[in-house]
There are 2 protein chains.
Amino acid sequence: MTQGQYHLTTNYPFENDQVTSYKAWLQYSKSEGKYAKTVTPFLKTISSSCDASPVLWSAIEELNQSITQMFDFSPFISFEVMSGKGVVLQLCSESETRLQDEGYMMYTEPNGQLIISGKTETGILYGTFHLLRLLQMGKPIDKLNIIENPANSLRLLNHWDNIDGSIERGYAGKSIFFENDQFSQNYGRLKDYARMLASIGVNGIAINNVNVHQLETKLITPEYLTGVEKIAAIFRAYGVKTFLSINFASPIELGGLKTADPLDEEVKRFWEHAIKTIYTHIPDFGGVVVKADSENRPGPFTYGRSQAEGANMLAEIVAPYGGLVIWRCFVYNCHQDWRDRTTDRAKAAYDHFMPLDGDFHENVVLQIKNGPMDFQVREPVSPLLGGLKETNQVIEFQITQEYLGQQIHLVYLVPQWKEVLEFETYAKGSGSTVKKIVSGELYDRKNNGAAAVVNVGDDYNWTGHTLAQSNLYGYGRLMWSPEMTAEDISNEWITCTFGADPLVLSTIKGMLLNSWTTYENYTSPLGVGWMVNPGHHYGPNVDGYEYQAWGTYHFADWKGLGVNRTMATGTGFSGQYYQKNAEKYESLTDCPEELLLFFHYVPYSYVLSSGKTVIQHIYDTHFAGVEQVEQYRQQWKQLQGRIDKKRFDDVATKLDIQFEHAKEWRDIVNTYFYRKSGIDDQHNRPIY
Amino acid sequence: MTQGQYHLTTNYPFENDQVTSYKAWLQYSKSEGKYAKTVTPFLKTISSSCDASPVLWSAIEELNQSITQMFDFSPFISFEVMSGKGVVLQLCSESETRLQDEGYMMYTEPNGQLIISGKTETGILYGTFHLLRLLQMGKPIDKLNIIENPANSLRLLNHWDNIDGSIERGYAGKSIFFENDQFSQNYGRLKDYARMLASIGVNGIAINNVNVHQLETKLITPEYLTGVEKIAAIFRAYGVKTFLSINFASPIELGGLKTADPLDEEVKRFWEHAIKTIYTHIPDFGGVVVKADSENRPGPFTYGRSQAEGANMLAEIVAPYGGLVIWRCFVYNCHQDWRDRTTDRAKAAYDHFMPLDGDFHENVVLQIKNGPMDFQVREPVSPLLGGLKETNQVIEFQITQEYLGQQIHLVYLVPQWKEVLEFETYAKGSGSTVKKIVSGELYDRKNNGAAAVVNVGDDYNWTGHTLAQSNLYGYGRLMWSPEMTAEDISNEWITCTFGADPLVLSTIKGMLLNSWTTYENYTSPLGVGWMVNPGHHYGPNVDGYEYQAWGTYHFADWKGLGVNRTMATGTGFSGQYYQKNAEKYESLTDCPEELLLFFHYVPYSYVLSSGKTVIQHIYDTHFAGVEQVEQYRQQWKQLQGRIDKKRFDDVATKLDIQFEHAKEWRDIVNTYFYRKSGIDDQHNRPIY
């Protein structure tokens with residue numbers, strides 16, 4: 001058989017003991033015994049009626065290599081469909097109404113043919129990875145009857161990578177795309193990354209930081225596009241489109257113009273030329289990602305133009321090529337006076353973008369962070385989600401754990417995302433959940449879905465913390481199928497990653513599913529957020545942002561704490577929600593307690609539904625959070641010998657550090673509030 | 001006449017309008033009218049019986065150029081003493097008991113000869129600058145009868161410059177010695193700096209950072225000594241000896257040894273060779289400055305050796321060359337647990353060095369920071385000063401305004417230093433002031449005096465803030481003559497720098513003399529210190545260091561604040577002082593109020609001698625401090641047209657920024673304590 005350009009099983013860029021970590025959830029571990037005997041007959045041949053396109057070849061290569069690894073034989077590969085037991089990859093009729101472009105059917109014919117059928121080869125590839133997941137999980141394949149379509153058409157990742165190799169908010173080493181102001185030459189690694197992405201259904205990546213610095217501005221020029229082109233070729237073979245983050249001021253910085261005004265004719269000509277150049281190199285280029293008028297980035301505001309005017313100008317230019325303009329809604333005043341309690345950063349995205357609903361072109365996609373602030377451990381859902389009715393949108397999640405422990409702390413994020421997706425907005429009455437808005441179902445939008453800032457770097461295990469691989473996996477799976485539960489996803493990920501040992505499964509699952517609550521317990525309480533060290537955002541600093549210009553305050557004083565965002569007496573943010581939610585958040589008693597301090601200032605003595613006062617709740621959760629981390633450490637120790645040494649040691653070390661740092665969080669937060677409130681812990685535990 | 005290597009009045013490295021700033025206090029402005037007529041006859045000739053050595057030539061050149069500038073004629077220069085009116089530079093008899101080596105006599109003979117006489121040419125140079133100061137200030141010179149000796153034999157400056165050109169805690173541009181990993185080639189500027197230093201009596205400079213990084217470690221090797229040699233030659237001509245900060249781990253890093261143990265024979269041989277190499281290049285090399293076992297620097301503790309063993313090893317090696325070992329006492333635990341209230345950083349220097357009193361060789365000089373912490377706006381005097389009886393020492397001041405507004409805020413430091421020098425230690429009963437300890441008088445020590453971290457960089461005005469030039473000037477003058485008052489020194493500096501306009505003098509003097517109190521008013525109250533942003537140390541952050549490992553806390557809670565350093569119930573730091581001071585600090589009522597919170601934790605309701613509570617004092621001083629800055633702005637405006645535009649604008653801009661930043665200090669500190677105490681301002685001013 002012909003080998004693919006990059007061999008799947010050799011040339012790992014790391015030491016032997018690191019390879020298992022590197023393989024992540026694509027372990028394809030040896031399978032023996034009864035299960036292997038049962039499935040082997042179905043896998044002896046791989047045949048297809050399709051042309052050997054790159055995407056199809058990716059599917060065949062993946063099947064060939066994984067079957068060889070798992071079952072110790074090489075399947076026979078044929079480009080003529082074979083009868084009898086065996087895998088058949090085929091394109092289905094274009095008139096097949098049950099499938100979307102990226103969907104697939106997978107079923108076992110009575111004659112033993114295991115058909116994987118898609119409208120596109122990408123659909124076939126996704127079906128292939130589904131089959132491999134079943135094999136890794138030891139599931140039967142003799143009676144398959146599966147139809148799958150992705151719930152979201154856009155399932156994107158954003159890399160915040162810079163050409164010098166650094167990653168903004170990266171906690172897993174350096175960039176896999178760039179090093180030392182050059183493109184990285186490690187194409188084998190990029191291919192492995194593309195395999196991982198295809199296996200979870202990700203279909204687009206922006207490879208550079210949304211904060212587009214000087215050198216990165218040049219990525220849209222021929223000098224750099226030859227490098228982007230190579231990356232795009234690798235990902236294209238796995239159904240992943242390449243996007244670039246662009247600098248809105250490029251007409252000035254690259255074009256030598258005096259303006260970047262989106263209504264200026266010369267500016268348009270600059271962009272026409274630039275976009276044409278990109279598509280010359282990358283005919284299926286996904287589009288551009290734009291952070292404009294945000295945190296000191298340039299944008300249309302500079303020229304008195306609206307965000308819509310800025311986005312639409314670009315959209316008109318990329319439209320003939322089938323491209324998208326992904327326009328971030330993270331626009332707020334980052335030069336706020338901390339003394340000013342009327343300005344509320346939480347309101348900014350809604351205030352800026354709601355008036356523009358309906359003004360954006362069809363190929364503009366607004367990228368909206370899940371919450372109104374910035375990826376805190378707990379926030380309400382952004383009121384733009386459900387607010388915007390006539391605008392395409394992707395929800396933005398953050399897989400990289402900027403505020404959530406930076407891949408030192410274990411935080412499985414799927415439960416958080418799941419809560420967001422299940423949130424009832426009441427946008428069109430009951431059942432108007434975020435997942436339906438995001439998918440486009442509720443308002444019948446097309447270019448919709450999700451984007452996420454990814455947690456991947458050049459560490460041998462991709463994500464720094466081995467268990468943080470679960471978040472990348474979970475993002476892909478959840479965006480494909482938001483009906484999955486966090487537990488479903490963890491079952492899949494743990495089994496594919498660590499094998500089928502029941503103690504391993506139950507232990508890691510317990511850790512994952514509780515980890516978000518644990519982290520919340522020992523960090524900022526009841527939805528108030530922040531309390532981190534400014535700049536790098538790691539570790540406790542209760543007043544870290546309290547007197548700064550970022551609009552991120554807790555207003556703690558001797559009586560109590562919290563931000564009054566009510567309409568009645570506060571900033572009025574609660575009024576940005578549909579009535580039922582607005583009323584719920586407005587009311588001190590109806591407001592969900594986990595968001596109490598996001599919406600209300602309350603005294604320390606305020607009694608929660610648990611019967612505890614707020615201050616006692618703070619003390620108790622902070623002590624409990626550390627105890628939970630200690631439990632994770634103990635639980636993990638029980639897995640010694642059941643997991644390869646490297647990954648066992650890696651996680652054990654991380655848990656030890658998490659434990660130390662969780663204690664620091666506990667003691668600093670508790671001491672801060674004790675010193676401020678003067679209220680003793682009812683249990684007389686050490687507070688300083 | 002022969003010109004010196006570098007011409008005094010031309011080739012300024014800056015724009016025309018910057019030259020006046022650059023000249024600092026050596027303006028030599030045109031003098032006309034009656035005064036010029038009176039003094040001119042005395043200045044027509046400059047004659048000397050000495051050899052034209054570099055130092056003498058510096059004196060002659062300075063006289064020649066300055067007279068030319070001030071009075072518009074060129075004096076006649078002769079190396080035979082001329083009779084009649086004229087300046088005569090001469091060496092006096094070695095048996096002249098009234099003069100020390102660097103002292104001078106300056107007197108007008110009945111025949112009009114203006115004799116400047118020293119035991120050394122350096123003494124003559126100092127006398128020359130004294131004469132020029134008189135001329136700049138318009139003082140009569142027809143009846144001079146002056147004898148001056150420096151009170152302190154060591155009057156040193158420390159540059160914290162790195163070879164890459166950066167300056168640790170530098171706020172006036174980049175290094176004047178180094179740029180881009182090379183020696184700077186701007187020798188003319190170094191000569192001008194040497195002139196400034198000689199004019200204020202500084203006689204030694206360490207040119208590199210006490211935190212000796214990798215490249216700087218190599219300064220003691222031939223590769224770099226050729227560069228140091230050139231610098232030393234420039235400064236030598238102005239009576240300034242060159243020192244280097246060294247890395248105690250050099251035997252490992254440069255010598256390839258496995259240890260830097262000071263008792264190891266190979267280590268000694270390494271240093272013997274290194275020191276010999278230095279003196280081969282710089283025969284009058286001043287010696288080495290060592291920051292050992294401090295803030296993660298290597299030192300003798302690593303090898304179980306005492307600080308004395310470390311210092312003495314080096315001292316034995318430099319002794320034959322007449323060199324010194326300047327050994328810093330800034331040794332403390334910078335990995336302290338903030339929860340631990342028994343460890344007290346303030347005690348560290350005393351605890352480490354007092355037991356070693358008498359153990360150090362004669363050419364070891366301990367460098368002791370003025371306070372027990374680190375150059376805060378207000379600290380008590382270090383108890384080591386007066387504690388150590390049989391050890392040479394220099395007091396360390398910080399001219400660069402690390403914690404004192406970083407040359408953005410106006411803080412004239414001479415009043416602070418003056419208070420330190422006048423402090424009564426009771427070491428040998430009444431009259432045992434710090435200035436007598438520092439000078440060596442009290443305990444009859446030889447190698448004593450002062451060192452200061454300088455505030456100079458490559459900014460055109462040397463110090464960033466034009467008025468911060470006064471601190472460099474003041475340091476030199478005060479260390480030469482600690483009997484001078486802060487006002488005396490400001491009179492001199494203002495007149496030499498800005499001329500004789502009475503409004504200019506009175507305005508700037510008022511600003512200078514009050515500026516320290518003003519800064520104290522709006523920053524950390526009552527001696528408690530810190531409350532700055534960690535790392536860069538600029539701007540308010542009340543809890544900035546509260547939960548960190550640096551041993552720098554205020555312990556503010558809902559009841560009060562301050563550090564209990566009493567013997568009775570606190571850390572016991574007060575017991576490091578002689579009895580009278582110990583009792584004073586120990587007593588809540590006797591403790592000087594400006595240091596109240598350094599020694600005591602008190603409730604916010606504690607009533608000060610002013611009748612105000614501590615909390616009201618905090619509010620009042622913070623409002624007052626900002627009002628004072630506003631007054632400075634207004635006062636400065638009155639000088640428009642009376643000062644050259646560039647310097648006027650420079651200072652005006654700095655005052656504007658100071659005003660903005662002072663408001664930030666005021667509001668953050670007041671709000672912090674209001675939110676913590678819940679006590680209203682009696683005057684209902686805005687607190688947030």
Side-chain angles (χ1 to χ4, degrees), chain A residues 335-343 530-536 538-549 553-563 601 603-605 615 622 626 660-661 663-680 685-688, chain B residues 335-343 530-536 538-549 553-563 601 603-605 615 622 626 660-661 663-680 685-688:
Chain A
H335 299 287
Q336 187 178 330
D337 188 336
W338 59 268
R339 301 165 189 80
D340 165 22
R341 295 216 188 185
T342 60
T343 304
W530 311 97
M531 303 192 174
V532 292
N533 284 301
H536 60 70
Y538 189 80
N541 187 338
V542 181
D543 273 0
Y545 276 104
E546 193 60 15
Y547 302 102
Q548 298 224 2
Y553 314 112
H554 55 64
F555 300 125
D557 60 17
W558 75 100
K559 297 190 304 283
L561 81 162
V563 187
Y601 172 94
Y604 295 116
S605 57
I615 188 74
H622 282 74
V626 173
E660 289 308 312
H661 292 185
K663 284 192 287 187
E664 205 65 9
W665 268 102
R666 174 195 68 193
D667 291 344
I668 289 176
V669 171
N670 282 347
T671 299
Y672 178 96
F673 286 106
Y674 172 66
R675 288 192 191 174
K676 211 151 202 170
S677 69
I679 300 173
D680 289 325
R685 290 163 292 194
I687 297 179
Y688 301 90
Chain B
H335 299 286
Q336 188 178 329
D337 188 337
W338 60 268
R339 301 164 188 81
D340 164 22
R341 295 215 186 185
T342 59
T343 304
W530 311 96
M531 303 192 175
V532 292
N533 284 302
H536 59 70
Y538 188 81
N541 188 337
V542 181
D543 274 359
Y545 276 105
E546 193 61 15
Y547 302 102
Q548 297 223 3
Y553 314 112
H554 54 63
F555 300 125
D557 59 18
W558 75 100
K559 300 188 304 284
L561 82 161
V563 187
Y601 172 94
Y604 295 116
S605 58
I615 188 73
H622 283 73
V626 173
E660 289 308 312
H661 293 186
K663 284 193 286 187
E664 206 63 11
W665 268 103
R666 174 195 67 192
D667 291 343
I668 289 176
V669 172
N670 282 348
T671 300
Y672 178 97
F673 285 107
Y674 171 66
R675 289 192 190 172
K676 209 151 203 168
S677 70
I679 300 172
D680 289 326
R685 289 162 293 194
I687 297 178
Y688 302 89

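Reminder, nothing fancy here: chain letters follow the sequence lines and each chain counts from 1.
The interface of residues 667-675 of chain B with chain A, defined by heavy-atom distances below 4.5 Å, comprises D667(B), I668(B), T671(B), Y672(B), Y674(B), R675(B).
For the side-chain hydrogen bond (donor to acceptor under 3.5 Å, both in side chains) test, residues two or more places apart in sequence or in another chain that qualify with Y538(A) are H409(A), H661(A).
Highest contact tally toward chain B, considering only E546(A), K676(A), R341(A), Q548(A), is held by K676(A) [criterion: heavy-atom pairs under 4.5 Å].
Considering OH of Y547(A) and CG of N533(B), their distance stands at 12.5 Å, rounded to 0.5 Å. To the nearest 0.5 angstrom, Y688(A) atom OH is 10.5 Å from D340(B) atom CG.
Looking at E664(A), both its backbone and its side chain come within 4.5 Å of chain B, counting heavy atoms on both sides.
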